[in-house]
Amino acid sequence: IGWRRAAGGLLLLVVVLAALQALAGAFGIGALADGGVAGGGYVGGLILGGLVAAVGEAGSAVILLMLALAGVALLAG
């Protein structure tokens, strides 16, 4: 496995964790978990929290979409 495929897979993992965290927050699932951690877990919460704090909710969505496209491009070769 080349470094491009590994980097693409890692990018997609980051996007999936942050997206699951955002979905859990949107559906109110995070309030049920201990400390509000649901969906993407602690890592997803850190990624999404950092993005939202830095660029807001709309900017976070754009960045996650860009990272997903970059990850797919790296995986595809």
Side-chain angles (χ1 to χ4, degrees):
I1 185 169
W3 69 270
R4 287 184 181 177
R5 289 185 184 232
L10 190 61
L11 277 176
L12 287 178
L13 176 66
V14 166
V15 169
V16 166
L17 288 175
L20 285 174
Q21 187 70 27
L23 285 174
F27 289 116
I29 298 171
L32 300 176
D34 195 22
V37 177
Y42 289 110
V43 175
L46 286 173
I47 294 166
L48 188 62
L51 278 175
V52 170
V55 295
E57 292 180 7
S60 297
V62 171
I63 289 174
L64 287 175
L65 180 63
M66 178 208 59
L67 287 175
L69 291 175
V72 169
L74 285 172
L75 275 176

A.B. asks: Can you tell which of L46, I63, V62 makes a side chain to side chain contact (heavy atoms under 4.5 Å, CB included) with L51?
C.D. replies: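 So, applying the side chain to side chain contact (heavy atoms under 4.5 Å, CB included) to L51 and each of L46, I63, V62, only I63 qualifies.
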
A.B. asks: Hydrophobic cluster membership, with links at side-chain heavy-atom distances under 4.5 Å among I/L/V/M/F/W/Y: are V52 and M66 in one?
C.D. replies: yes

A.B. asks: Taking all atoms of both residues into account, what is the closest heavy-atom pair of R5 and L75, and its distance?
C.D. replies: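 Reported closest heavy-atom pair: O-CD2, 3.4 Å.
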
A.B. asks: Honestly curious: do V16 and L67 fall in one hydrophobic cluster under the side-chain, below-4.5 Å linking rule?
C.D. replies: no

A.B. asks: Indicate, with yes or no, if L10 and L20 share a hydrophobic cluster defined by side-chain heavy-atom contacts under 4.5 Å among Ile, Leu, Val, Met, Phe, Trp and Tyr.
C.D. replies: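 No; L10 is not reachable from L20 via cluster members.
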
A.B. asks: If we only count heavy atoms from C-beta on, is the V15 to L11 side-chain gap below 4.5 Å?
C.D. replies: no

A.B. asks: Same hydrophobic cluster for V14 and L69, using side-chain heavy-atom links shorter than 4.5 Å among ILVMFWY?
C.D. replies: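 In one cluster: no.
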
A.B. asks: Minimum heavy-atom separation for L74 to R4, with atom names?
C.D. replies: CB-O, 3.4 Å

A.B. asks: Return the CG to CG distance between L48 and L64, rounded to the nearest 0.5 Å.
C.D. replies: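 It comes to 7.0 Å.
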
